[in-house]
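Have a look at the structure below before the remarks.
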Number of protein chains: 2
Amino acid sequence: MDFKKYTFKNLPKGPSKIVNLAIIGTGAVGKALLNQLSGLNRASAEVGYNVVLIAPSSSSPGVQERSIVTKNFAPINLQSWNVSEDVGTNSHHLTRAITSTGDVAEFLERSKRPVILVDTTGALDNQEPGAENELVLAQSYPLLADQGISIVSANKTPFALESGLWNSIFRRPTRGTAKRGLVQFSATVGSGLPVTGILQDMMQTGDTVRSIQGVLTSPLSYIFNQYSQPGFASGDGSAKNETPRPTFSQVVREAVATGYVPNDPRLILSGLQAAQQFTILTRTVGLKVENSHSFAVRNLTPKPLREAETVADLLEKLPKYDSVLEKLRTKAEKENKVIRYVGTAKLGVDNSSLEVGIESFDVNHPFARLKNDEICLSVTSDRYTEPIVIKGPGSNPEASASRILSDIFKLSQKL
Amino acid sequence: MDFKKYTFKNLPKGPSKIVNLAIIGTGAVGKALLNQLSGLNRASAEVGYNVVLIAPSSSSPGVQERSIVTKNFAPINLQSWNVSEDVGTNSHHLTRAITSTGDVAEFLERSKRPVILVDTTGALDNQEPGAENELVLAQSYPLLADQGISIVSANKTPFALESGLWNSIFRRPTRGTAKRGLVQFSATVGSGLPVTGILQDMMQTGDTVRSIQGVLTSPLSYIFNQYSQPGFASGDGSAKNETPRPTFSQVVREAVATGYVPNDPRLILSGLQAAQQFTILTRTVGLKVENSHSFAVRNLTPKPLREAETVADLLEKLPKYDSVLEKLRTKAEKENKVIRYVGTAKLGVDNSSLEVGIESFDVNHPFARLKNDEICLSVTSDRYTEPIVIKGPGSNPEASASRILSDIFKLSQKL
């Protein structure tokens with residue numbers, strides 16, 4: 001049979017609205033986003049996008065990379081933005097060291113067109129914990145929004161810090177002020193999966209979310225999928241049991257070596273990233289979470305290794321503590337289960353609970369069947385008493401960039 | 001720990017825009033939608049909605065039910081719209097027999113506010129095949145859109161008929177005419193799951209969908225989940241094999257009796273509903289599908305039973321043909337697989353394929369692990385080389401209504 005491609009004819013001729021974009025972050029996600037933006041079919045779009053600023057990640061404080069900005073908000077040539085010669089010959093492009101978000105705000109405020117600041121930093125979660133510039137950027141979100149700048153972010157930090165910051169980011173505009181910028185953050189959790197979108201749809205339509213459970217930190221998904229696999233039930237004397245099993249520290253070391261876990265795995269092993277993800281998800285459905293440390297989070301780094309350790313030190317000493325996880329794995333397998341690192345939120349009428357840690361799941365549970373670094377979310381609500389389950393690839397810069405692009409489209413409708 | 005609920009403070013005070021809604025269909029989905037609309041917090045919404053017309057399903061041609069319309073587009077009281085006394089005492093409400101979509105269009109065209117026609121007919125798939133009024137409604141979509149009326153639909157028919165109708169629904173406005181109505185149809189497939197939304201996001205952001213596979217017809221999901229269950233692998237002599245297995249006709253009969261399959265299962269067993277679903281999904285990603293009969297669709301009704309049979313006759317004679325499916329089940333189980341009724345679309349650069357029928361899946365495949373009438377979709381694309389998989393409850397009027405509401409919100413941004 002012969003199936004041809006439709007050409008969609010209902011699209012207007014050329015954009016009726018142009019939105020200026022300022023991209024912060026030129027890591028894998030930032031680069032994928034710029035690539036996707038340059039590939040959009042502008043002729044058929046309702047909204048056109050001009051990229052007017054590209055700044056390297058604010059989380060590299062030591063590096064003196066220069067940003068590209070344009071004169072008079074002319075669009076940056078996305079085919080050649082990172083070729084320095086082009087910047088020299090294209091009279092619309094300027095290079096400038098953008099050293100503060102104040103610089104960015106000052107530049108964007110002069111735009112006559114609607115403006116979206118796109119923060120792709122932190123999207124790949126490979127930053128050092130506590131990078132100072134990142135904190136400054138995160139804390140400037142409320143002010144940027146007050147100044148009418150809308151924000152699309154893939155950066156967990158601004159949304160996972162103190163609840164006061166969350167409240168300020170989403171605060172109501174004060175009377176008499178100009179229109180406040182809007183904020184979208186669906187790329188902060190779930191890589192390219194529409195995880196927050198599913199929750200926001202439920203909230204907007206008046207549903208009440210009752211439980212959220214998920215394996216959302218892709219490096220931890222990889223570690224546990226390798227470490228505890230279905231089919232190793234103890235005591236049945238099957239051949240499988242004779243396969244030598246890797247220890248936890250071996251799995252971690254191998255995951256760092258193959259790139260499934262960042263070179264510095266401390267942020268991952270501490271559970272902080274998972275805690276940030278669940279802070280954001282549960283805040284999205286209306287739970288009041290003070291910060292990412294205000295609930296129980298299982299730290300996979302043994303206490304004696306937590307402070308003043310280099311990564312090499314940590315990986316070297318980790319085998320001493322393998323027995324802790326070995327016990328959990330063996331106990332689960334006796335019940336034909338596997339262990340997984342999950343977040344679990346229950347939202348009750350009178351009380352709610354949130355925790356992030358190790359739980360065991362039947363070998364037929366979707367979390368038990370994850371492969372590589374796949375992530376998976378399960379949600380129930382008043383309307384979905386049987387859960388919606390979504391799973392997909394973990395770390396995926398292309399997909400994260402698409403999620404950012406969807407957010408940009410969504411915001412642009414309202415600008 | 002104590003988690004309180006957030007009150008979201010960033011919401012504007014009262015709607016700045018009002019959209020008039022005309023609801024066609026007062027079945028389970030229509031009623032759930034009206035209920036959800038009346039529960040929306042209007043004070044905190046950006047857009048307010050006035051329901052100005054409620055018409056019973058157009059697919060009940062014999063029934064002389066009267067519709068409710070309002071004088072001067074005053075909102076219908078959603079708490080008491082179906083209480084006839086209220087209609088009598090509320091001077092804004094009129095009852096009128098709406099006998100054609102022309103009547104509806106004529107009424108809506110006088111609205112000074114943006115208008116959305118919401119078609120909830122066919123959403124529960126319990127209509128008789130070929131109901132004439134439904135065809136008329138389906139075929140009037142292009143004209144309604146031309147007249148500036150936007151449409152949100154849960155009705156598969158308009159989107160699964162000839163490709164000419166699809167093209168007309170989404171045609172570009174001709175020069176010099178007023179703004180054309182917009183059309184959203186995400187509730188046509190996947191009950192309450194954001195199935196078309198995932199595909200549309202991919203398309204809009206410039207990704208290319210490569211494969212779509214899914215168990216999307218919830219009655220067929222139920223039938224096959226009951227009929228072919230993991231754990232019945234032949235030849236291992238386990239106790240499970242001694243459990244008496246139901247035949248296909250027994251499962252169908254039981255599914256009709258318990259309500260998982262409509263009283264008239266002919267539309268389901270013919271595969272037509274599944275074919276419609278895959279026509280819509282694949283058209284959404286740009287495949288040119290002539291109609292729901294232009295590709296291979298497995299009909300579960302044996303040929304001799306297809307014509308001029310009553311439902312009772314069909315169910316009575318079905319056991320004669322049980323051996324056909326029994327062979328498929330046994331063959332699959334020998335390979336530790338189960339059989340499922342799925343649609344499969346592959347989109348290639350040079351050629352594409354689409355078919356709907358019975359396939360076997362490893363007992364660990366997500367389709368093999370479905371419960372009750374759960375539905376499940378798996379999608380790959382250039383960016384998602386590993387699939388996104390989403391599953392959730394099948395027939396769920398509350399969730400379908402939420403999906404319609406999401407579409408209404410989405411359209412309203414643009415009106």
Side-chain angles (χ1 to χ4, degrees), chain A residues 1-6 8-12 36 39-41 167 170-172 180 192-194 197-198 201-202 204-207 282-283 286-289 294-296 351-354 364 366 369 371-372 374 383-393 396 398-399 402 405-406 409 413-414, chain B residues 1-6 8-12 36 39-41 167 170-172 180 192-194 197-198 201-202 204-207 282-283 286-289 294-296 351-354 364 366 369 371-372 374 383-393 396 398-399 402 405-406 409 413-414:
Chain A
M1 233 159 302
D2 183 32
F3 296 101
K4 288 176 191 144
K5 282 286 182 78
Y6 271 114
F8 290 93
K9 286 175 187 154
N10 64 322
L11 300 162
Q36 289 178 22
L40 289 181
N41 182 356
N167 289 336
F170 295 105
R171 74 181 154 218
R172 197 197 285 259
R180 208 168 179 271
L193 305 185
I198 288 174
D201 271 3
M202 288 181 174
Q204 277 177 352
T205 59
D207 198 358
T282 50
R283 282 176 173 175
L287 209 62
K288 207 157 186 153
V289 181
S294 64
F295 50 94
N351 52 60
S352 300
S353 66
L354 170 57
N364 293 322
R369 295 283 165 190
K371 286 183 194 129
N372 296 321
E374 277 183 331
R383 290 178 195 153
Y384 295 86
T385 51
E386 294 299 313
I388 294 190
V389 179
I390 185 164
K391 77 162 183 169
N396 183 344
E398 283 283 329
S402 297
L405 205 47
S406 281
F409 293 163
Q413 303 285 353
K414 304 186 190 177
Chain B
M1 236 157 299
D2 184 31
F3 296 101
K4 289 177 191 145
K5 283 286 182 77
Y6 272 114
F8 290 93
K9 286 177 187 152
N10 63 323
L11 300 163
Q36 289 177 21
L40 289 181
N41 183 358
N167 289 336
F170 296 103
R171 74 181 154 219
R172 198 196 285 257
R180 206 167 182 270
L193 305 186
I198 288 173
D201 270 4
M202 287 179 176
Q204 279 177 351
T205 58
D207 198 359
T282 50
R283 282 176 173 175
L287 210 63
K288 208 158 184 151
V289 182
S294 64
F295 50 94
N351 53 59
S352 300
S353 66
L354 169 59
N364 293 323
R369 296 282 166 191
K371 287 184 192 127
N372 296 319
E374 277 182 331
R383 291 178 195 154
Y384 295 86
T385 51
E386 293 299 313
I388 293 191
V389 178
I390 184 164
K391 77 163 184 169
N396 184 346
E398 284 283 330
S402 298
L405 205 47
S406 281
F409 293 162
Q413 303 285 351
K414 303 185 191 178

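To find a chain, count down the sequence lines: A is the first, B the second, and so on, and within it residues start at 1.
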Would you give the length of the straight line joining atom CG of B:Asp201 to atom CZ of A:Phe409, rounded to the nearest 0.5 angstrom?
9.0 Å

Counting heavy-atom pairs under 4.5 Å with chain A, the top scorer among B:Gly39, B:Gly192, B:Gly392 is B:Gly192

Under a 4.5 Å heavy-atom cutoff, which of B:Gln204, B:Met202, B:Gln413, B:Lys391 has the most pairs with chain A?
B:Lys391

Is chain B contacted by the side chain of A:Ile388, its backbone, both, or neither, given a heavy-atom distance below 4.5 Å?
both

Please state whether the side chain, the backbone, both or neither of A:Pro387 comes within less than 4.5 Å of a heavy atom of chain B.
backbone

With B:Glu374 via side chain to side chain donor-acceptor pair (under 3.5 Å) - residues at least two apart:
none

Residue among A:Thr385, A:Asp207, A:Ile198, A:Ile390 with most heavy-atom pairs under 4.5 Å to chain B
A:Ile390

Under a 4.5 Å heavy-atom cutoff, which of A:Asn364, A:Leu193, A:Thr282, A:Leu40 has the most pairs with chain B?
A:Asn364

Of all heavy-atom pairs between B:Asn396 and A:Arg383, which one has the smallest distance, and what is that distance?
ND2-O, 3.1 Å

